[in-house]
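To start, the structure itself, in structure tokens.
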Amino acid sequence: MPDTPPSRTPRAAIDPATTAFILFLGALAALPPLSIDMGLPGLGQVQDSLKATANQATMTLSLFLLGFAMAPLVLGPMADRFGRRPILLWGLAVFTVAGLGCAMAPSIGSLLAFRVLQGIGAGAGAMLPVVIVRDLFSGAQARARMSYVSLVLGIGPIIAPALGAGIMALSGWREIYGALSLAGAIIFGVAFWSFGESARPGQRSSLRPRDILRNYRNVLSHRIFLGFALVNGLTFAAMFAYISGSPLVLMANMGLSTGAYSLIFAITAGAMVVGSSVNGWAATREMSPKMLFRTAMALLVLSPLVLVVLTLTGDLTVPALVPLIAVTTFSLGIVMPNSTHGALQPMGRTAGVASAVLRAIQMACGAAASGLVAALYDGKSAIAMTGTMLLCAAAAAIVYLWMLKPALAKATPA
């Protein structure tokens, strides 16, 4: 498809072609990681304050993820039927009210209930930015903006633990949720006053159960969508294997302090931001996205392979691990925006449903990788983390070579 300027400009104060619009979409996408990571420093206080068990306090994370994973499957068809704007405003309103409920929760049961609602609201913020980009842009412009949204999104996990720790130092765990509620209210205000409808007029999908099921079936049977969605999910799983396994490897096995671990986590997350920046820069220069994507996929397999070899030989050290992880996350900063764009680009009027399926596959792959790392961890080595990273990256490469590449070649005119 040729690169074209936005064909539908929302009646909004924010011009979709500006940095402000990218920051707005990035802030929406950053709500879930902020909601996850900011609350982690306060789990101990939650346990003491609400007389909860450690498992109950930990459920504030798992139940948020449950709501976050399930919401797009319902909100996706609704966004295709009613438009992006009302679903976005509804999701932000739910997120804001639920955050306030978390901050004022009198018991662990009410806190957990509000966390589910907060996850549902965050699910709208995570799903819609990529759909809005797909609505307004195509070709290199869409790839560039998807990369810039990922760049803003990548900053979230870097700053979230520090923000949570800073709020904890000044006040307590309730104020963390109050801050999240305030952030939701601010973004709601920006969306209400400055964002119009981005969906194409006159192309609204039906909400009849039979039609919804048909849309999901059509999306799942689209070979190019499914290939890109699996690549996106499996590469996300490789990253999640690192996120879930790195505290065990770096702190429990290698003896790093919390401060040193936070620094390394920031470096490796920053490499993903750099990768997204490079991808966005390449798109604006009209460089070949195919070559960039293939190079990043190769690096994504090679770096975990070296990590596994070093693990098996007993030569894995912090100075060796950090740059190899940085190469992995740098590659993810290129692969994930391109795979998201590639999955949604051909979806037309079912872009909302497609985005929901894309997010569900991503979350399922991430959860599976995290569970595999936990199940395989032996308390002594990094093989559970590095092996799972390699398994997920290799699976993504296989999907690309044997499923996605032939489908793309068949779809491209000679």
Side-chain angles (χ1 to χ4, degrees), residues 33 36-37 65 150 153-154 157-158 228-254 256 261 264-276 293-340 361-401:
I36 294 169
D37 295 338
L65 291 174
S150 297
L153 173 61
I158 299 175
F228 273 121
L230 288 173
V231 168
N232 180 74
L234 289 166
T235 52
F236 178 80
M239 180 178 71
F240 222 74
Y242 162 65
I243 291 174
S244 60
S246 58
L248 302 172
V249 172
L250 291 171
M251 291 193 287
N253 290 1
M254 297 183 173
L256 295 185
Y261 169 74
I264 290 174
F265 191 84
I267 291 171
T268 52
M272 185 173 179
V273 173
V274 174
S276 297
F293 186 83
R294 289 178 177 178
T295 301
M297 285 292 297
L299 290 174
L300 192 57
V301 175
L302 181 61
S303 48
L305 177 61
V306 176
L307 283 170
V308 167
V309 171
L310 292 175
T311 302
L312 294 176
T313 59
D315 296 323
L316 185 64
T317 60
V318 173
L321 183 144
V322 173
L324 288 168
I325 293 292
V327 170
T328 303
T329 54
F330 171 85
S331 304
L332 286 167
I334 295 172
V335 170
M336 293 183 67
N338 278 294
S339 57
T340 299
I361 290 174
Q362 185 184 68
M363 293 300 297
C365 290
S370 178
L372 189 60
V373 170
L376 297 179
Y377 180 63
D378 59 7
K380 298 179 293 183
S381 74
I383 192 61
M385 181 187 79
T386 58
T388 302
M389 289 175 65
L390 177 60
L391 176 66
C392 295
I398 291 171
V399 169
Y400 174 74
L401 291 173

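Residues meeting the ring-ring contact (aromatic ring centres under 6.0 Å, His included) test with Y377, sequence neighbours left out: none. Partners of S303 according to the side-chain hydrogen bond (donor to acceptor under 3.5 Å, both in side chains) rule, which considers only residues two or more places apart in sequence or in another chain, are T328. With sequence neighbours excluded, the residues that form a side-chain hydrogen bond (donor to acceptor under 3.5 Å, both in side chains) with T386 are T311. Partners of A241 by side-chain contact (heavy atoms from CB on, under 4.5 Å), not counting sequence neighbours, listed by chain and number: A369, V373, T388, M389. Residues satisfying the ring-ring contact (aromatic ring centres under 6.0 Å, His included) test with F228, not counting sequence neighbours, are none. Judged as a side-chain hydrogen bond (donor to acceptor under 3.5 Å, both in side chains), and not counting sequence neighbours, T317 has no contacts. Remark: M254 engages V249, L250, L316, V318, L321 in a side-chain contact (heavy atoms from CB on, under 4.5 Å) (not counting sequence neighbours). Remark: A397 engages M297, V301 in a side-chain contact (heavy atoms from CB on, under 4.5 Å) (not counting sequence neighbours). Residues meeting the side-chain contact (heavy atoms from CB on, under 4.5 Å) test with A395, sequence neighbours left out: L234. Remark: T268 engages Y242 in a side-chain hydrogen bond (donor to acceptor under 3.5 Å, both in side chains) (not counting sequence neighbours).
Between atom CE of residue M336 and atom OG1 of residue T329 there is a gap of 11.5 Å, rounded to the nearest 0.5 Å. For the atom pair L300 CG and C392 SG, the distance stands at 9.5 Å (nearest 0.5 Å).
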